[in-house]
Each structure stands twice: as structure tokens, then as C-alpha cells.
Amino acid sequence: MNQRVYLDYSATTPMKQEVLNEMLPYFTEKFGNPSSIHAYGREAKQAVDVARDRLAKAMGAKQDEVFFTGGGSEADNWAIKGIAYANKQKGNHIITTKIEHHAVLHTCEYLEKNGFEVSYLDVDQYGMIDINQLKNAITDRTILITLMFANNEIGTIQPIKEIGALAKEKGIYFHTDAVQAFGNVKIDVNDLNIDLMSISAHKIYGPKGVGALYIRKGVKINSLIHGGAQERRRRAGTENIPGIVGFGKAAELAMETLETHISHTTSLRDKLVKGIMEKVDYVRLNGHPIHRLPGNVNFAFEFIEGESLLLSLDMLGISGSSGSACTSGSLDPSHVLMAIGLSHEIAHGSLRLTIGDFTKEEDIDYVIAELPKVVDRLRQMSPLYEK
Amino acid sequence: MNQRVYLDYSATTPMKQEVLNEMLPYFTEKFGNPSSIHAYGREAKQAVDVARDRLAKAMGAKQDEVFFTGGGSEADNWAIKGIAYANKQKGNHIITTKIEHHAVLHTCEYLEKNGFEVSYLDVDQYGMIDINQLKNAITDRTILITLMFANNEIGTIQPIKEIGALAKEKGIYFHTDAVQAFGNVKIDVNDLNIDLMSISAHKIYGPKGVGALYIRKGVKINSLIHGGAQERRRRAGTENIPGIVGFGKAAELAMETLETHISHTTSLRDKLVKGIMEKVDYVRLNGHPIHRLPGNVNFAFEFIEGESLLLSLDMLGISGSSGSACTSGSLDPSHVLMAIGLSHEIAHGSLRLTIGDFTKEEDIDYVIAELPKVVDRLRQMSPLYEK
Amino acid sequence: MYSEKVMDHFMNPRNVGEIENADGVGQVGNVKCGDIMKMYLKIENDIIVDVKFKTFGCGSAIATSSIATEMIKGKTVQDALKLTNKAVVEALDGLPAQKVHCSVLAEQAVKAALFDYSKKQNIVLEGLEDFNPDEDHHDHEEDHE
Amino acid sequence: MYSEKVMDHFMNPRNVGEIENADGVGQVGNVKCGDIMKMYLKIENDIIVDVKFKTFGCGSAIATSSIATEMIKGKTVQDALKLTNKAVVEALDGLPAQKVHCSVLAEQAVKAALFDYSKKQNIVLEGLEDFNPDEDHHDHEEDHE
Ligand SMILES: Cc1ncc(COP(=O)(O)O)c(C=O)c1O
Ligand SMILES: Cc1ncc(COP(=O)(O)O)c(C=O)c1O
Ligand code: FES
Ligand code: FES
């Protein structure tokens with residue numbers, strides 16, 4: 001393998017050196033527990049305060065509306081179960097979509113087994129919800145709309161502002177899973193009328209195992225993890241100080257470099273799409289042509305299967321994914337690709353390539369040169385392909 | 001401040017350099033998501049497997065019985081809620097003690113609000129439960145005994161083997177919060193008949209924000225965090241690879257050095273207790289004289305209040321705690337000290353000093369020299385103290 | 001978490017001690033909550049010429065007692081009665097939110113000592129008509145969820 | 001996750017292609033599951049003298065097809081009938097648990113081609129009496145919790 005080309009930034013990102021540098025002192029020297037009142041404890045507490053402030057700034061929130069968690073999945077679980085159980089006397093109906101991340105979908109399914117009703121909105125061929133269908137789904141028992149900001153597989157970005165305004169008008173809590181959007185799209189929770197928002201550090205060049213939940217002041221929510229008085233009594237557990245410090249730094253960097261990040265990834269994305277579409281036939285681009293994450297490319301190649309495509313690319317040093325990272329170990333075709341109306345065999349032939357800050361133009365050139373050959377080789381082997 | 005003496009190892013430990021060294025490559029180079037099938041993903045997956053193996057060895061478990069979490073509190077919440085909801089058709093009764101960590105207590109209180117019944121066992125003046133009281137508390141509706149291995153404030157170690165045997169005999173699940181015991185006491189989950197066990201990395205010189213739950217094969221338990229297929233579909237969320245790697249290394253080190261660790265901390269502990277008891281009057285040692293954590297000292301000084309004691313020590317560079325770290329920010333006297341029968345004013349005057357691998361003999365000498373002066377100064381200011 | 005001013009008054013408290021045959025003695029707080037403040041006043045011609053305190057309590061309790069004694073020493077009884085917990089907090093450059101109640105304790109200790117003085121003198125002090133020295137002013141306002 | 005042997009057969013599959021006028025052709029799997037294997041046999045005097053395959057499927061599906069063709073080439077029909085998925089897995093130095101079913105698919109593809117051969121020859125092959133070429137052998141056995 002001569003070259004290593006990582007194109008799986010939506011699965012996870014490498015941490016930036018600046019982030020690691022800020023974290024390092026907190027492992028072995030400034031190792032205190034923020035709940036302790038002595039010098040070590042105060043030093044740790046201050047570090048958490050700085051990080052919280054950076055995150056709040058990055059989303060236009062107040063400091064005391066940002067709560068650290070152990071990741072994006074925990075944030076999703078907390079938001080949905082926490083709202084559901086705290087507001088069940090008001091109603092038991094939740095609205096979501098068919099293309100949510102499993103952290104949202106499986107949580108909703110769990111609630112369905114426990115007395116809640118969930119409506120799963122359809123999406124069109126580009127992965128967009130229909131705001132009218134959303135309006136019609138609302139009943140007087142609806143307590144929560146949980147609707148992802150941007151999709152992790154096909155990159156489609158939903159009309160969050162419209163949804164937020166609708167939720168506000170109807171007096172329904174609005175949670176958005178912004179794990180993929182945060183750091184790739186400008187987000188202001190007030191402008192967009194978001195009540196709760198999940199984010200995760202490892203998707204924005206920060207550490208794994210840290211996330212956050214934005215909770216608008218006044219929102220009625222139960223805890224998911226009970227115990228000590230951390231996070232203003234809402235999320236127990238000794239704080240992951242280095243992780244939180246790293247998340248803060250990553251968020252700050254993301255905001256400082258947002259424009260160049262977007263233009264860099266968008267231009268490489270467009271180059272990759274154009275290059276492949278020109279050289280390969282029987283291929284389509286999944287997701288929305290315009291309203292999509294800057295670094296997201298998702299192809300469906302007919303007549304071949306995703307895993308053998310991934311394996312072949314991996315042998316060439318190219319790291320991609322088919323469907324979401326969480327499910328690429330699974331054998332089912334992605335629920336997102338099914339929801340946008342792909343047939344089973346085409347869904348099976350999907351390939352996600354996601355671009356990030358460290359992606360270089362020559363990486364894209366390499367993929368444009370190699371990928372068509374791989375597709376061709378596999379098609380030659382396929383009983384479905386007639387030349 | 002000329003000297004810095006950290007005596008709050010039960011709140012959290014500094015990470016060992018060996019642990020950090022193993023973690024470092026996983027932040028910026030080997031940064032893959034274990035769910036990805038490409039080279040970066042496989043490398044990450046392998047790292048998790050190694051760590052899981054190390055942890056399994058450290059507790060006598062099988063690899064596939066160890067599940068990583070975001071910390072000890074999450075493990076406690078998962079174990080208790082997970083067992084409660086998965087077995088509620090069998091019964092709704094849980095037995096615990098009055099001296100559990102808040103991660104257990106508040107979780108039990110939460111379940112009480114949701115249809116479960118909880119018995120809180122008393123402890124004697126040394127913090128020991130009465131096995132007969134436990135026996136009598138068991139009903140045919142009892143589904144879980146959750147009883148901590150060693151107490152975080154007073155260090156008392158419970159007769160876990162007897163409890164495990166009793167639980168097994170009665171066919172009741174036995175969970176133990178071993179966050180303080182793991183790494184300080186030899187633990188074999190089979191020998192002790194433990195069905196579920198919570199542990200946390202940052203208490204054993206590992207990273208913050210990582211824990212694990214041991215779940216014996218065959219135990220019926222619900223998930224706490226739903227979503228992706230990680231941790232054999234039982235705990236969703238992208239794995240905290242560097243954290244998990246660090247936990248594995250810390251556990252391995254703990255097992256390798258267990259004997260010297262115990263003898264080192266025990267001898268310094270005994271020296272500290274002796275030194276203070278000889279020089280200060282109106283003082284008692286809280287917790288069990290023999291069955292206690294090797295590094296735990298907990299004094300009750302009459303006529304003075306804990307926070308002013310802590311602050312004064314902090315000015316001398318000595319970091320201690322009053323009660324548990326999680327609640328030292330709180331104003332209530334510790335529930336543990338109340339449970340062992342201390343009066344309010346004596347409970348308020350408690351000081352926990354916990355010793356670890358980096359504690360030196362001269363640190364203890366320094367405390368023995370300074371602490372009595374501090375106690376005396378505060379007593380001179382106290383309206384309760386009559387010379 | 002504490003300002004330098006608080007730490008200074010905590011580490012070097014002013015006017016610690018007792019006054020024998022004090023003209024007014026007040027004690028507030030209770031052992032259960034972990035705080036007791038006892039204040040002694042020597043008053044001559046309506047002027048507080050000396051003041052001492054003893055406190056069992058947290059760092060902030062000690063600091064507020066200390067600064068409160070400084071703030072009323074040399075003042076008239078009427079001026080001392082005007083001492084508010086807010087003034088105490090300001091004089092200390094602030095207190096953490098959950099510690100503001102300690103300053104209330106300091107205000108109450110001064111008032112209790114002045115109330116005792118007024119009873120001994122058989123006078124009624126304006127502002128202390130309804131004062132109840134045994135009232136519990138110590139509210140920890142926990143909000144466990 | 002795959003052994004070197006699997007990766008070798010995946011990257012350099014043996015006997016890819018079609019045989020014109022094959023004596024037996026079998027196809028198993030279905031597009032919905034993402035795997036189809038098609039196997040072509042040339043049989044002379046009860047000996048499999050040539051075999052080719054085409055597979056739409058995962059890496060393991062391609063590797064098992066490839067090695068299966070190697071394992072039956074030059075064998076008698078009776079010996080080929082004895083090919084088990086277990087032998088295929090062993091020949092590949094193992095497969096991940098969730099990929100073992102791909103080897104079942106390879107075994108079935110061989111059987112389906114032999115069944116087709118027996119029908120064309122109007123003979124009954126021992127072991128294929130109950131063979132149903134349209135049965136779905138592809139069981140993904142998901143265990144979502
Ligand atoms: C006995 C006990 N259980 C649980 C916990 C919680 O662990 P963590 O801080 O990793 O959430 C702690 C420490 O804080 C503890 O001492
Ligand atoms: C849209 C979305 N939501 C939630 C998650 C889960 O976040 P985490 O891996 O931090 O638990 C992910 C990524 O895995 C994601 O892409
Ligand atoms: S007086 Fe300070 S905590 Fe109550
Ligand atoms: S044949 Fe390989 S996954 Fe089904």
C-alpha cells in the first residue's frame with residue numbers, strides 16, 4: 001500500500017494537534033476532580049468552565065445551557081428519554097424521521113415499547129422531509145419533535161429553521177441531532193429555535209467519548225445518569241476533564257476556521273463527484289445536490305456490493321464506508337438508503353466518502369484514478385452486470 | 001505554598017505515564033472508528049480487544065462479559081435500571097444500603113418514583129452491613145441486591161463473598177459498585193459470585209470518562225444507551241478508544257503491582273493514623289479498623305467544620321476532602337457519616353485523606369506536622385470548644 | 001472559588017475571641033447545619049468600641065464573621081443595625097452563590113448581639129422590634145433533582 | 001477481520017467468468033440480501049473438468065466462491081457433492097462469525113449447479129434428492145436487542 005487516503009471523516013476524525021496539546025496537561029499534572037475544593041479541584045473546574053464557554057459561544061447558547069456527556073449517543077438518549085418521561089403527563093407522542101441515526105431511532109423504538117407513540121416521517125428521494133407532513137403529524141399529544149440536522153450517510157441538511165419555528169409556534173420541544181452538522185454548518189440555537197441539540201467531539205477533530213447536550217433554559221427534562229451533583233445536578237459522573245478541554249478547543253477551532261473548512265471540503269467534494277460521474281456509468285449521487293454537508297459524497301454503484309468495494313479500496317489504502325460507520329459491520333442495507341427509495345441491490349452498492357480538513361487534492365486525484373478500476377473489476381465478477 | 005501533597009486519591013488519581021504513553025498514538029494517528037472495516041477501523045478495534053482482555057483478566061471474567069461505559073456512574077445506572085426494567089415481571093424489589101455512592105442511591109430513588117420498592121440496609125458504627133438484616137430483607141419479589149464493595153468515604157469493605165453466596169443461593173442478581181475497590185483489593189467475580197460489577201478508570205491511575213460494567217453471561221439486562229451496535233449491541237456510542245486503551249493499561253498495571261501498592265498505601269495509612277491520633281485529642285477514626293481500603297483515612301475532629309479544615313490544609317498545599325468528592329461542594333453532612341451514627345456536628349468535622357502510589361513518606365510527615373496546628377487554630381475560633 | 005479577600009479574612013480573621021462581661025452577646029446558626037456564629041459587643045455611649053467573634057463553620061462563615069466585626073467596630077449602634085448581608089458580600093468581593101447565606105448568618109449574628117444589648121439596656125432598637133434570635137436563618141436551599 | 005487466505009481469494013479470485021454451454025449452471029442467493037452466486041460446470045465422464053463463477057456480494061462471498069471452485073475442479077461429481085461449507089471455511093483459514101453463512105452460499109451454489117446437471121442428464125444424484133434450488137439459504141440472523 002503506497003498511499004493512505006482517509007475518507008471517512010463522518011465516522012470519526014483524527015484529533016488536531018492543537019487539541020491534543022491543550023489536553024495533555026490534564027492527564028498527569030492538572031488531574032484534579034472538579035468537585036474537590038482544593039487547588040487541584042479548582043484548576044480542573046476552571047478548565048471545564050472555559051470549555052463550556054467555548055461550546056456555548058460556538059452555538060450561540062448560554063454557558064449554563066451546555067451539558068457535557070459521554071458522547072453523541074448518550075446526548076441523543078438523554079434528550080429523547082429525558083423529555084419523554086418528564087413530560088408524559090402532557091402527552092405521549094413523538095415525531096421523528098425514518099433517516100435518523102440509530103441513537104435516535106432505537107431510543108424511539110424503546111419508548112414505543114414503553115407506552116409512547118412515535119411517528120416516523122418519510123423523506124423524498126433526496127432525503128428531505130416534507131414540512132407539511134410534519135405539520136399534519138402533530139397532535140395535541142405531541143411533546144417532542146426530534147429531527148436530525150444533517151444526515152450522517154447521505155449528508156442531506158434539513159430545513160431546521162422552518163422546523164424550529166413550527167415547533168415553537170405549536171409549543172412542542174424541538175431536539176436536533178447535530179452530531180454531523182456541528183462544525184460543518186453555522187448553528188445558532190436561538191435563531192433556529194432549537195430547544196435541545198446533541199453534538200459529539202470526535203466528529204470535529206476532538207476526542208472520542210465526549211459529547212454535549214444543549215438544553216434551553218426552562219426545558220423540562222429528566223436525567224439519564226443519576227448520581228453526583230456534576231453538570232448542575234443533571235448528569236452525574238466525574239467529568240472527563242481532558243476530553244472536555246479537548247472538545248472546547250476543537251469547537252473553538254471549528255468556529256475560527258469554519259469558512260475555510262467549508263470551502264476546502266466543498267471544493268474537494270465537488271471535484272470528486274464530477275470526476276467519478278464522468279468516468280463511471282450506472283452510478284448516482286445519493287443525497288441532496290445542494291443542501292448537503294460540505295464534505296459528504298455518497299455514490300450508489302449498480303451491480304456491485306458495498307463491502308467488496310470497501311475492501312478493494314482498503315487494499316489501495318483508501319478508507320471509505322458503506323452506509324453509516326455504526327452499521328457497516330452489519331449486513332442489512334442502510335435504512336437511510338431504503339428511505340430515499342433505493343432498491344435493495346442499489347442500496348447494497350453504496351459508498352460513502354467523507355472529506356475533511358486533512359484531505360488533499362492529490363488524495364482526490366488518487367481516488368478518481370483508482371475507484372473506477374475497482375468498480376469495473378467487481379462488475380466483471382458480477383452476475384448482474386451485462387457488458 | 002512550598003509543598004504540594006495530594007491526598008485525595010479516592011476522588012481521582014493522576015494518570016500514570018505508562019498509561020498516557022499507550023494512549024497517545026490513538027488520538028492523532030490510530031484514530032479510526034472500530035465500526036469501520038478499513039485499516040484505521042481494524043486497528044482501533046484491535047486496541048479495544050486488547051483492553052477488554054486486560055480488564056477481563058484483572059477480574060477473572062471472560063472477555064465478552066466486559067462492557068465499556070463512560071464512567072463509573074454510567075455503569076451503576078446501567079446495572080440498576082437495566083436489571084430493574086428487564087426483570088420487572090419477576091419482581092419489583094431491590095435491596096441496597098444507606099451508604100452507597102450517589103450514583104447508586106439516586107438511581108434507586110429514581111426507581112422508587114417509578115414503581116419499584118427499595119430496602120436500604122443499615123450499617124453498624126464501622127460501616128458494616130448485617131448479613132442477617134440482608135437475609136431478612138429478601139422477599140420473593142426481590143430481583144436485585146446492589147451493595148458496594150468498598151465505601152468511598154470511610155473505606156469500609158463489605159463481606160462480598162458471603163453476600164454473593166447468599167444472592168446466588170436465593171437466585172437474585174448481585175451487583176456491586178467496585179469503583180473504589182478495584183485496583184485496591186483482589187477481585188475474582190466467580191469466586192465472589194458477582195453478577196454485575198461497576199468500575200472506573202480514573203480511580204486506578206487511568207483516564208477520566210471511562211468505566212466498565214461486568215455483566216455475567218446470561219444476565220438479563222436492558223440497555224441504558226441505545227443506538228449503534230457497539231459493545232455487542234448493549235452500549236451504543238463510538239468507543240472512546242484512547243480512554244479504553246488507557247483503562248486496559250491501568251488495569252494491567254494495577255494487577256501487576258497490586259501487592260506493592262497495598263503494602264505501600266497501608267503502611268503510610270497506618271503511620272498517618274497513628275501520628276494524628278497521638279497528637280490530637282477529640283478525634284476518631286471513621287470506618288472499619290481492619291476491613292478498610294489500604295489508602296483510606298477518615299478522621300472526625302470535634303468542634304470544627306470540614307470545609308474550613310480543607311481550606312486551611314489547601315493553603316498549606318495539602319489536598320484532602322470532607323466526605324465524598326462529589327458532595328464536598330454540597331452543604332449537607334455526608335449520608336455515610338450519618339449512617340454510621342455520627343452526630344451532625346461531628347460529621348461536619350470529618351476529613352478524608354486518601355493515599356496512593358505517588359504518596360511519599362515525607363508527605364505523611366508533613367501532614368502529621370501541620371494538621372494538628374490547623375485543627376488547633378480552628379478550635380480556638382470555635383464557640384463549641386472549651387479549652 | 002473564594003476571592004482573595006475571603007481567603008485573607010479566613011486565614012487571618014480579625015477580632016477572634018470573646019469579651020468578658022460583654023454588653024451584648026448573640027449566637028445564631030445551629031450545629032446541625034454545621035455553622036454557629038457567636039458575637040460579643042462592648043458598647044460605650046452608643047458606640048461599639050470592641051467586638052469579638054467565635055465561629056464554627058465553613059470558610060465563608062469565618063470570613064463573613066471577621067469582616068462583619070471590622071465593619072461595625074467604632075460605629076454607632078444605629079449604623080451597625082444597618083449592616084446588611086449584601087454589604088458584607090460586597091466587602092468580601094463577592095461569595096459563591098451557594099455561600100451567600102453565610103453572609104446572612106453574619107448579619108443576623110450582629111443583630112442578635114444588638115438585640116441582647118437592647119434587652120439588657122431595656123431599650124427598643126428601631127429595626128429589631130420583630131427580631132427573633134431563635135429563628136433559623138440558615139436555609140441551605142438544596143435543589144436535588 | 002479476514003484471514004490472508006480470504007483476502008488473497010478476494011483480490012485474486014480463481015475461475016471468474018462464465019462457461020458457454022455449461023453442463024450445469026446454478027444460482028443461489030438473492031439481490032435483496034446483497035448476494036448472488038452463479039456457478040458454471042463443465043463435466044466430462046463424471047469429472048468436473050472446468051468451473052467458473054460470478055458473484056455479486058461481500059468480500060467473503062467472493063472468496064468462498066473462488067475457493068469452492070478450486071476445491072471441486074478435477075473432482076468427481078460425487079466428491080464435489082461432499083463439499084461442505086465447513087470445509088470451505090477451513091480452507092480459507094476461518095471466517096468471522098457473521099460471515100459463515102457466505103460459505104453456506106458457496107456450498108449451495110455448487111449443489112445447485114450439480115442439481116441442474118443431474119436434471120439435464122436425467123439422473124438422480126445421491127444427496128440431492130430433496131434439493132430445492134430456490135430455497136433461501138441466506139439467513140442473516142441479526143440479533144438486534
Ligand atoms: C463508590 C463510587 N461509585 C461510583 C463512583 C462514580 O464513578 P465516576 O466518577 O467514574 O462516574 C465513584 C466516584 O466518583 C465512587 O467512589
Ligand atoms: C448523526 C449522528 N448521531 C449520533 C451519533 C453518535 O455519536 P457518538 O458516536 O459520539 O456516540 C453519530 C455518530 O456516530 C452520528 O453521525
Ligand atoms: S454558613 Fe457557610 S455553609 Fe452554612
Ligand atoms: S454472502 Fe457475505 S454477507 Fe451475505
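Numbered from 1 within each chain, the chains take letters A, B, ... in sequence-line order. For the numbers below, each heavy atom of this structure counts, side chains included, while hydrogens, waters and symmetry mates do not.
Comparing Gly320(A), Gly237(A), Ser319(A), Gly71(A) by heavy-atom pairs within less than 4.5 Å of chain B, the highest count is held by Ser319(A).
Here the OG1-CD1 distance, from Thr12(A) to Ile241(B), works out to 8.5 Å after rounding to the nearest 0.5 Å. Taking CG from Asp8(A) and OG from Ser35(B), the interatomic distance works out to 10.0 Å, rounded to the nearest 0.5 Å. A distance of 9.0 Å separates CG of Leu310(A) from OG of Ser36(B), quoted to the nearest 0.5 Å. Rounding to the nearest 0.5 angstrom, the gap separating the CG atom in Leu313(B) from the NE2 atom in His38(A) is 10.5 Å. Distance check: Arg235(B) CZ to Ser73(A) OG gives 7.5 Å after rounding to the nearest 0.5 Å.
Looking at Tyr110(B), the atoms closer than 4.5 Å to chain A (heavy atoms on both sides) all sit in the side chain, from C-beta outward. Only the side chain of Lys81(B) comes within contact range of chain A, with at least one heavy atom under 4.5 Å from a heavy atom of that chain. Heavy-atom distances place both the backbone and the side chain of Ile225(A) under 4.5 Å from chain B. For Leu105(B), no part lies under 4.5 angstrom from a heavy atom of chain A. Within the 4.5 angstrom heavy-atom criterion, no atom of Ser200(A) approaches chain B. With a threshold of 4.5 angstrom between heavy atoms, Asp76(A) does not approach chain B through any atom at all. For a residue to count as touching a neighbouring chain, one of its non-hydrogen atoms must lie under 4.5 Å from one of that chain's; by this rule Glu29(A) does not touch chain B.
Looking at Leu224(B) and Asn77(A), their side chains never come closer than 4.5 Å, going by heavy atoms from C-beta outward.
Without hydrogens or angle criteria, Lys208(A) side chain to Phe31(B) main chain gives a donor-acceptor distance under 3.5 Å.
In this pair, Tyr40(A) and Tyr6(B) present their aromatic rings perpendicular. The plane angle is above 60°, beyond the 30 to 60° band.
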